[in-house]
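A, B, ... follow the sequence lines: proteins, then strands. Residue 1 opens every chain. Computed from a prediction, not measured in an experiment: that's the story for all the values here.
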Amino acid sequence: MADDKAPAADAAAADAVAEPEIEEETLFDAPERGSADELLDAGAHDELDAMRHSTAHVMAEAVLDLYPGTQLGIGPAIADGFYYDFKLDRPLTPADLAKIEARMAASIAADHPFVRRELPPEEGRAFFEERAQPFKVEILDDLAAKAKASGSPMPPTSIYEHGPFVDLCKGPHVASTGKVGPFKLLAVSGAYWRGDQTRPALQRIYGTVWPTQEELDAYLWRRAEAKKRDHRRLGVQLDLYSFHDVSPGSAFWHPKGQLLWRTLEAAMRELQARNGYDEVSTPILVSHRVWQQSGHWDHYRDNMFILDIEGQPFSLKPMNCPESTFIYRSRLRSYRDLPLRYAEFGRLHRNELSGALSGLTRVRQFIQDDAHIYVRPDQLQDEITGLLGMIRESYGWFGLEPRYTFATRPDDAIGDPALWDRAEAYIKGALDAAGVPYRVLPKDGTFYAPKIDIYIDDALGREWQLATIQADLTMLPERFDLTYIDEEGKPQRPIAIHRAIYGSLERFIGILVEHFAGAFPLWVAPVQAVVIPIADRHVDAARELVGVLAGRGLRAEVDDSSNRMQYKIRTAQEQKVPYMVVLGDREVEAREGTLRRRGAAKDEPQVTLGWDALADRLAAESERRTVA
RNA sequence: GCCGACAUAGCUCAGCGGUAGAGCAGCUGUUUCGUAAACAGCAGGUCCGCAGUUCGAAUCUGCGUGUCGGCUCCA
């Protein structure tokens, strides 16, 4: 299954990165999701977070002042900023944000100190009752219930005051509103109280705040840059893919996009072949009996597309793993057969909520570079070591630096704890042997497997999870009764490794487009070189040169339009083609071409080479699979 | 799925009750040019769909579809 998770934007990314440098005072246990503790914990785990959270208070002050009667939800610090949830009578508009910003600036200029006060619990509750803040009252009631349940006394109600504004809050805060740095309100959106659809709908205002103007500007620049690089936009501009309402959540791949896809796929196939993989392909449309056996029918059915076929329920596969076992079981396996490595570029369908669909990163159908590897327990560590090597090599093709997390046995794990311990020891051994830094996420494994997740940061510093390696002890091996015959002729259970390296090809391509802003390295670029004849009389030679380049496996085109050379260069630049080869009288005469690099500076010296030398040079660079 | 916004030419957008517009791209012609936009002309639209209000709807209303920002979900 090798499931790739799309980190749900900033929130999840923040979760993943939040490893605060801790001082005893601000040390928090991760509160339970949706708990009153979590609602109180404003995410202020260091000084910057404290400032962000304080800015949320200042914003709440402004909103309360401008729109009396507003009910306050919660207002934590998040990655890059903060938000606050409000219950208001009418929807907020961008014009409102400007007004709120102005009011905030006034509060900051007034430099109100933040004052912490503690009230006895009953008084605290009455305090927020009086101020008609039912959400705050609810948080306090929850805390009281929790205290009662655990037999501990209800702690005092801590409130923070600054100027006219008071909020229920655990803190900490900066000393005064004047310590709030340069900020900007970014967006308003909807959110439910406690993330629960059945609870009141609130309006959430997002903002960002930084210690210095330079940092704020840099952040806003990154946001603007991210928008410019948006793969949905660049995909149209570079003619790679498009989306159409006849198939929401699925891309239509244009010739250049498909070329890009095939290039990535071919590289992975080549890597897999070098590492002892076999490739398989299993049906997309499968009886529900498979999913009953795997457990998906009970746990994942809502995400599956189910069809009625002659009265029998079938489904489009959301994962490849269960079907891979049919190939494993198609004959008796010996201990000598293992490891068996089955790669599958399988097309998967998952019924994502319509509101969650987005470009290539959140789709309803996609293809994973999936594999299922069946090993003996004693082979697990070496296999994982090998996988870490493959990941490092392939990410290197794109200049990406992998980072690792190791998630261990959760409380609801199935299977023999002793086996878990062994598997975890092997994974740890492999990670240590690889000499890579990694973070342990205790109890964060899937219920059937400890796992390694691999993350990268893109060119704009955004974190993405790509690869995953899961050591499945029970789901495939036991539910599908997989065995191999050992040296003594006895049946034994193999371990199944689920892994993906790119993850979903769709998502990977979306990330690459944004990472490179569409300017792919030579080996990836769908069109690697455009040959530019200066005048019509050079077109025949240009075509001939394209033939020479194609003969060396390069993807090249001629621009034989009637435009001037300048215009052709501009077009090639806009299409982010890595190389242009200019042909004029001088070059045609000598069977040469003048090489122009994408993005070349005006005064950059250019080389003129003979056709074969040119082809050699580009082919060598392309075959190296490096970023330029 | 839920909350909010949006949907006009291939693309980016203007028009917001009275005959549908621009730039780029496209096509045709002229130009044959040395490193990021030659010149001229032509063509291009179920103004997302369906209903309604109105003498008249791209424009107002309702429903549907899709997209975007979030929420939610993520074996």
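Of all heavy-atom pairs spanning Lys443(A) and Thr408(A), the tightest one is N-OG1, 2.8 Å. The nearest pair of heavy atoms linking Pro578(A) to Leu522(A) is CB-CD1, 3.8 Å.
Asp302(A) comes within 4.0 angstrom of no nucleic acid atom, judged by non-hydrogen atoms across all strands. Ala201(A) comes within 4.0 angstrom of nothing in the nucleic acid, heavy atoms only. Glu587(A) comes within 4.0 angstrom of a base, heavy atoms only. Counting any heavy atom pair closer than 4.0 Å across all strands shown, Gln203(A) reaches no nucleic acid atom.
Counting only distance, with no hydrogens or angles, the side chain of Trp253(A) and the backbone of Gln258(A) share no donor-acceptor pair below 3.5 Å. In terms of modelled atom types and a separation under 3.5 Å, the side chain of Gln293(A) and the main chain of Arg479(A) share a donor-acceptor contact. When atom types are taken as modelled, the side chain of Asp472(A) and the backbone of Leu476(A) share a donor-acceptor pair closer than 3.5 angstrom. Formation of a donor-acceptor pair under 3.5 Å by the Arg364(A) side chain with backbone atoms of Ser250(A) is not found in this model.
Classification of the His244(A)-Phe252(A) ring pair by plane angle, with boundaries at 30° and 60°, yields perpendicular.
Under the salt bridge (Lys or Arg N to Asp or Glu O under 4.0 Å) rule, Glu604(A) has a single partner from Arg597(A), Arg596(A), Arg598(A), which is Arg597(A).
In this structure, rA38(B) and rU30(B) make a Watson-Crick or G-U wobble pair, each of the two defining distances being under 3.5 angstrom. Base-pair partner of rU53(B): not found among the strands shown (Watson-Crick or G-U wobble, both distances under 3.5 Å). Pairing for rU12(B) goes to rA22(B), judged as Watson-Crick or G-U wobble with the two contacts each under 3.5 Å. Pairing for rC73(B) is absent, judged as Watson-Crick or G-U wobble with the two contacts each under 3.5 Å. Remark: rA5(B) base-pairs with rU67(B). Criterion, Watson-Crick or G-U wobble with two distances under 3.5 Å.
Taking the C1' atom of each, rC60(B) and rU54(B) are spaced 9 Å apart, rounded to whole Å. When the P atom is compared between rG23(B) and rU35(B), the two are found 29 Å apart, to the nearest whole Å. Taking the P atom of each, rU30(B) and rC68(B) are spaced 45 Å apart, rounded to whole Å. Taking atom P in both rC11(B) and rA25(B), one finds a spacing of 15 Å when rounded to whole Å. The gap from the C1' atom of rG15(B) to that of rC73(B) amounts to 41 Å, rounded to the nearest Å. Using atom P as the reference point in both rG45(B) and rG64(B), the two lie 31 Å apart (nearest Å). Across the C1' atoms, rA9(B) and rC3(B) are found 33 Å apart, a figure rounded to whole Å. Between rC16(B) and rU72(B), the two C1' atoms lie 35 Å apart (nearest whole Å).
Minimum atom distance to the side chain of Thr594(A) is reached by rG34(B), of the listed rG34(B), rA75(B), rC73(B). Counting only heavy atoms from C-beta on, Phe447(A) has its side chain closest to rA75(B) among rA75(B), rG34(B), rC74(B). The side chain of His296(A) sits closest to rA75(B) out of rA75(B), rC71(B), rG69(B).
Remark on RNA chain B: of its neighbouring residues Gly584(A) and Leu202(A), the 5'-side contact belongs to Leu202(A), judged by nearest-heavy-atom nucleotide.
If you measure from atom CD1 of Ile74(A) to atom P of rC71(B), you get 12 Å, rounded to the nearest angstrom. Atom CZ of Arg586(A) is separated from atom C1' of rC33(B) by 13 Å (rounded to the nearest Å). Summarising the geometry, the separation between OH on Tyr448(A) and C1' on rA75(B) is reported as 5 Å, rounded to the nearest angstrom. Atom-to-atom, CD1 of Ile78(A) to P of rC71(B) comes out at 8 Å; the value is rounded to the nearest Å.
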Report, one pair per line, the protein and nucleotides 36-44 of chain B atoms (nitrogen or oxygen only) whose separation is under 3.5 Å.
from    : atom 1 : to        : atom 2 : distance (Å)
rA36(B) : N6     : Gln573(A) : NE2    : 2.9
rA37(B) : N7     : Arg570(A) : NH1    : 3.0
rA37(B) : N7     : Arg570(A) : NH2    : 3.4
rA37(B) : N6     : Arg570(A) : NH2    : 2.9
rA37(B) : N1     : Arg570(A) : NH2    : 3.0
rA38(B) : OP2    : Arg564(A) : NE     : 3.1
rA38(B) : OP2    : Arg564(A) : NH2    : 3.1

Quick one: which protein N/O atoms are closer than 3.5 Å to N/O atoms of nucleotides 62-68 of chain B? Pair and distance per line, please.
from    : atom 1 : to        : atom 2 : distance (Å)
rC68(B) : OP1    : Arg232(A) : NH1    : 2.9
rC68(B) : OP2    : Leu357(A) : O      : 3.4

(request) Heavy atoms under 4.0 Å is the rule here; annotate nucleotides 4-13 of chain B 5' to 3' with B where the base is hit, S where only the sugar-phosphate is, and - elsewhere. (result) ----------
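Between Phe326(A) and Tyr328(A), the ring center distance fails the sub-6.0 Å criterion. A distance of 6.0 Å or more separates the ring centres of Trp464(A) and Tyr455(A).
Side-chain N/O atoms of Arg537(A) include one lying less than 4.0 angstrom from OP1 or OP2 on rC33(B).
When only modelled atom types and interatomic distance are considered, Gln470(A) and Arg499(A) share no side-chain donor-acceptor pair under 3.5 Å.
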(request) Apply side chain to side chain contact (heavy atoms under 4.5 Å, CB included) to Leu473(A) and Asp416(A), showing your working. (result) CA-CA 9 Å; Leu473(A) 312 169; Asp416(A) 180 0; over 6 Å; no
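The aromatic ring of His299(A) sits over the base of rA75(B), with ring centres less than 5.5 Å apart and planes tilted by under 30°.
The cationic group of Arg204(A) lies under 6.0 Å from the six-membered ring centre of Tyr83(A) and within 45° of the ring axis, placing it in a cation-pi geometry.
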